[in-house]
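Structure first, commentary second.
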Amino acid sequence: MFHYKKNKKKRFLKLERNLITMSDTKSVVSEQFRTIRTNITFSAPDQELKTILVTSSIPGEGKSTNAANIGVVFAQEGKKVLIVDADMRRPTLHHTFRLLNIDGLSSVLIKQQTIQNVIQETSIAGLDIVTSGPLPPNPSELLASKAMDTLLKVLRQEYDLVIFDSPPLLPVTDARILSNKCDGTVLIVDRNATKKADILKAKASLHASQAKIMGVVLNNSTLPRNQYNYQYR
């Protein structure tokens with residue numbers, strides 16, 4: 001077990017950006033994220049699920065928003081959760097959680113910082129964040145490094161669940177590298193933007209990387225009006 005002082009250099013706002021699972025816990029969308037949580041839990045009944053990759057085929061499908069909300073609902077269940085912004089090209093999680101992004105994953109992988117020093121608390125009990133850190137010139141090489149393997153071993157010991165938000169699959173190789181290292185991969189698909197050909201290419205890419213595809217989240221899908229006509233109080 002490692003001991004650390006969590007980074008306090010941040011300012012919490014009343015509501016984090018896009019965190020519907022915090023701002024409206026009784027909404028249909030929040031319930032859908034709890035359903036995703038349940039499906040993830042039951043997708044590997046005989047395996048200790050510790051690391052999950054959340055990715056998409058192309059940019060703009062909502063992978064980062066989904067990764068953040070999935071992390072929130074697992075923390076709300078009582079799990080000790082860490083979300084790592086492994087998108088060292090166009091990171092967004094520090095915006096979502098209103099955190100500084102001075103040091104982060106890249107700082108650890110080039111050994112300028114320890115993981116203990118870059119973990120940041122959120123306003124959500126049980127949920128921590130590691131931001132991307134400074135954007136490196138070689139993100140794929142860093143993710144494929146032995147330093148990344150060592151980091152994964154440490155995080156597996158310290159957290160019930162580690163969620164990695166990666167770049168999309170088709171433009172760069174980062175997600176393929178991480179998918180091979182994680183216990184499972186969740187693919188985010190935007191119903192209104194993603195072409196079938198891109199989804200098939202993304203699936204083939206994950207299979208080539210020997211990734212375990214846990215499932216697909218269909219983003220921006222409209223539910224029938226009578227799908228949810230009651231709520232728990």
So do [Y] and [X] actually touch side chain to side chain, heavy atoms under 4.5 Å?
X      : Y      : result
Leu142 : Ile110 : yes
Ile20  : Ser27  : yes
Ser132 : Ser106 : no
Ile163 : Leu82  : no
Asp165 : Val84  : no
Ile40  : Val186 : yes
Phe33  : Ile70  : yes
Thr55  : Leu187 : yes

Of all heavy-atom pairs between [X] and [Y], which one has the smallest distance, and what is that distance?
X      : Y      : value
Glu61  : Ser56  : OE2-CB, 3.4 Å
Ile83  : Gly71  : CD1-CA, 3.9 Å
Ala202 : Ser57  : CB-CB, 3.6 Å
Gly78  : Asp160 : O-OD2, 4.5 Å
Pro91  : His94  : O-CE1, 3.6 Å
Leu105 : Ala86  : CD2-CA, 3.7 Å

Transitive ILVMFWY side-chain link [X] to [Y], under 4.5 Å:
X      : Y      : result
Phe164 : Val172 : no
Leu53  : Leu151 : yes
Leu206 : Leu200 : no
Ile58  : Ile199 : no
Leu135 : Met148 : no

Quiz item: Would you say Lys203 has more than 12 foreign heavy atoms packed within less than 6.0 Å of its NZ?
Solution: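 No, NZ of Lys203 has 12 or fewer neighbouring heavy atoms, counting only those of other groups under 6.0 Å.
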Quiz item: Counting heavy atoms not belonging to Gln47, are there more than 12 under 6.0 Å from its CD?
Solution: yes
Under a 3.5 Å distance rule, please check whether [X] uses its side chain to pair with a backbone N or O of [Y] as donor and acceptor.
X      : Y      : result
Asn69  : Thr65  : yes
Thr25  : Met22  : no
Gln120 : Leu100 : yes
Thr150 : Lys146 : yes
Asn66  : Gly62  : yes
Arg37  : Val73  : yes

Exercise. Would you sort out whether Lys181 and Thr51 count as a side chain to side chain contact (heavy atoms under 4.5 Å, CB included), showing the intermediate values?
Key: CA-CA 8 Å; Lys181 297 176 181 288; Thr51 55; over 6 Å; no
Between [atom1] of [X] and [atom2] of [Y], what distance do you get to the nearest 0.5 Å?
X      : Y      : atom1 : atom2 : answer
Ile124 : Leu19  : CD1   : CG    : 5.5 Å
Leu155 : Asp128 : CG    : CG    : 10.5 Å
Leu178 : Ser140 : CG    : OG    : 9.5 Å
Ile129 : Leu127 : CD1   : CG    : 4.5 Å
Leu49  : Leu161 : CG    : CG    : 6.0 Å
Gln76  : Arg34  : CD    : CZ    : 7.0 Å

Regarding [X] and [Y], do their side chains bring together a donor and an acceptor under 3.5 Å, going by distance alone?
X      : Y      : value
Arg176 : Thr185 : no
Ser30  : Thr21  : no
Asn180 : Ser209 : no
Ser145 : Glu141 : no
Asp174 : Ser166 : no

Quiz item: When you measure from the centre of the six-membered ring of Tyr159, is the NZ or CZ of Lys80 under 6.0 Å away and within 45° of the axis?
Solution: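 Yes; both conditions hold, so Lys80 lies above the ring face of Tyr159.
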Answer yes when [X] and [Y] have at least one side-chain N-carboxylate O distance shorter than 4.0 Å, and no when they do not.
X      : Y      : result
Lys212 : Asp183 : no
Arg90  : Asp85  : no
Lys63  : Asp87  : yes

